[in-house]
Chemist: 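Would you mind keeping the following structure in view while I ask a few things?
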Amino acid sequence: MLDDIEREVQYTRKMIGKNAFDPRVMAVMSKTPRHEFVPKSYLDAAFDNGPLPIGHGQTISQPYIVALMTDMLELEADDIVLEIGTGSGYQTAILSQLCKKVYTIEYIPALADAARARLQNLGYDNIESITGNGYDGWPEHAPYDAIIVTAAASHIPKPLIDQLKPGGRLVIPVGRPHLYQELMLVEKDDEGELNIRDVLGVAFVPLQGERDEHV
Ligand code: SAH
């Protein structure tokens with residue numbers, strides 16, 4: 001799986017502007033048991049570099065995309081991270097090994113419950129999760145050093161920008177649901193100004209329950 005990710009980094013190097021991901025990200029990708037996060041019927045494909053169905057019409061993201069989004073966040077050990085779209089909990093587990101605390105929100109109660117139990121059983125102990133609409137963020141624990149959205153939004157939700165620390169980074173796929181989106185990196189500088197950049201064309205399942213609070 002690691003070789004496949006490295007190969008895809010090479011294919012996409014012009015778009016993503018780098019030849020390799022942070023070795024800390026790759027180390028965590030290598031030691032996280034992805035087979036624990038996929039349905040039993042897909043165990044054979046657990047270490048392929050592709051997305052897989054996890055039920056309820058949702059998917060566990062492709063490993064290359066998980067590594068890319070994690071790399072884009074440039075996490076530090078002390079960071080507090082918000083994740084929207086827990087899904088299987090795989091991306092959550094990756095993030096949790098690179099920061100101090102992950103708060104994660106999942107819209108579908110059955111997926112949220114399964115991911116919570118899975119992450120606890122596997123011993124990841126710096127994660128707090130809730131069922132809810134991530135469009136609104138999780139104001140109680142804001143502001144966050146980094147925010148990651150793993151479902152396709154039609155626009156950047158203002159509540160998430162409001163909950164991002166100055167100096168913080170937000171990674172989010174933005175575009176037309178069910179078609180393709182641009183993976184965007186939003187940096188908030190120390191004065192609160194936003195710098196927004198398109199990084200790569202991607203395809204995510206839609207962000208549900210969107211409201212109309214544009215940036
Ligand atoms: N990172 C996950 C990706 C799961 S797919 C993984 O790799 O397993 C995207 C997830 O976002 C789905 O589980 C979907 O239910 C969830 N989702 C969609 N809209 C949401 C919303 N408004 N708030 C929280 N989660 C949402």
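Since the structure is predicted, the reported quantities are computational estimates derived from the model, not experimental observations. Just so you know, ligand 1 is whichever comes first in the structure, and atom 1 is the first atom listed for that ligand.
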Chemist: Taking heavy atoms and a distance under 4.0 Å, where does Val205 meet ligand 1: side chain, backbone, both or neither?
Modeler: side chain

Chemist: Which residue and atom name correspond to the protein heavy atom nearest atom 17 (N) of ligand 1, and how close is it?
Modeler: Tyr107 CB, 4.0 Å

Chemist: Looking at ligand 1, would Gly132 count as a contact under a 4.0 Å heavy-atom criterion?
Modeler: yes

Chemist: Nearest protein heavy atom to atom 9 (C) of ligand 1, by residue and atom, and its distance?
Modeler: Thr150 O, 3.3 Å

Chemist: What residue among Asp78, Asp79, Asp145 forms salt bridge (charged side-chain N to carboxylate O under 4.0 Å, His left out) with Lys165?
Modeler: Asp145

Chemist: Any N or O of Tyr90 that comes nearer than 3.5 Å to an N or O of ligand 1?
Modeler: no

Chemist: Mind checking whether Ile84 has an N or O less than 3.5 Å away from an N or O of ligand 1?
Modeler: no

Chemist: When you look at Arg118 and Glu36, which way does the salt bridge (Lys or Arg N to Asp or Glu O under 4.0 Å) test go after all the steps?
Modeler: CA-CA 8 Å; Arg118 182 177 297 125; Glu36 300 280 2; over 6 Å; no

Chemist: Return the closest protein heavy atom for atom 8 (O) of ligand 1 as residue, atom name and distance.
Modeler: Ser88 OG, 2.6 Å

Chemist: Is it true that Val215 and Ile84 fall in one hydrophobic cluster, defined by side-chain heavy atoms closer than 4.5 Å?
Modeler: yes

Chemist: Please determine whether residues Leu82 and Ile80 belong to a single hydrophobic cluster, defined as Ile, Leu, Val, Met, Phe, Trp and Tyr linked transitively by side-chain heavy-atom distances below 4.5 Å.
Modeler: yes

Chemist: Can you tell me which residue and heavy atom of the protein come closest to atom 23 (N) of ligand 1, and the distance to 0.1 Å?
Modeler: Gly134 N, 2.8 Å

Chemist: Decide whether Tyr124 and Thr92 meet the rule of one side-chain donor and one side-chain acceptor closer than 3.5 Å.
Modeler: no

Chemist: Determine, using heavy atoms of Ala115 and all atoms of ligand 1, whether some pair is separated by less than 4.0 Å.
Modeler: no

Chemist: So with a 6.0 Å cut-off around NZ of Lys101, is the heavy-atom count from everything else above 12?
Modeler: yes

Chemist: Using a strict cut-off of 4.0 Å, indicate which atoms of ligand 1 neighbour a heavy atom of Leu111.
Modeler: 13 (O)

Chemist: For atom 14 (C) of ligand 1, find the nearest protein heavy atom and state the residue, atom name and distance (0.1 Å precision).
Modeler: Gln58 OE1, 3.3 Å

Chemist: Using a 3.5 Å cut-off on N or O atoms only, is Gln91 in polar contact with ligand 1?
Modeler: no

Chemist: For ligand 1, which atoms sit closer than 4.0 Å to a heavy atom of Ile108?
Modeler: 15 (O)

Chemist: For atom 4 (C) of ligand 1, grab the closest protein heavy atom and report residue, atom and distance to one decimal in Å.
Modeler: Thr59 O, 3.0 Å

Chemist: Would you find more than 12 non-hydrogen atoms of other residues, nucleotides or ligands less than 6.0 Å from Lys100 atom NZ?
Modeler: no

Chemist: Side chains of Thr104 and Glu128: do they bring a donor and an acceptor to under 3.5 Å?
Modeler: no

Chemist: To the nearest 0.1 Å, how far is atom 19 (N) of ligand 1 from its closest protein heavy atom, and which atom is that?
Modeler: Gln208 N, 2.8 Å

Chemist: Which ligand 1 atoms, with their elements, are less than 4.0 angstrom from a heavy-atom of Ser61?
Modeler: 3 (C), 6 (C), 7 (O)

Chemist: Within ligand 1, which atoms have a heavy atom of Gly87 less than 4.0 Å away?
Modeler: 4 (C), 8 (O), 13 (O)

Chemist: Distance only, no hydrogens: is a donor on one side chain within 3.5 Å (strictly under) of an acceptor on the other, for Glu106 and Ser129?
Modeler: no

Chemist: Can you tell me which portion of Ile60 lies within the under-4.0 Å heavy-atom range of ligand 1? Options are side chain, backbone, both, or neither.
Modeler: both

Chemist: Rounded at 0.5 Å granularity, tell me how far CG in Leu179 sits from CZ in Phe204.
Modeler: 15.0 Å

Chemist: Regarding Thr150 and Glu83, do their side chains bring together a donor and an acceptor under 3.5 Å, going by distance alone?
Modeler: no

Chemist: I need the nearest protein heavy-atom contact for atom 16 (C) of ligand 1: residue, atom name and distance, please.
Modeler: Glu106 OE1, 3.4 Å

Chemist: Please work out which of the three classes, parallel, tilted or perpendicular, describes the rings of Phe47 and His35, given edges at 30° and 60°.
Modeler: tilted

Chemist: Answer side chain, backbone, both or neither: which part of Thr86 comes under 4.0 Å from ligand 1, heavy atoms only.
Modeler: backbone

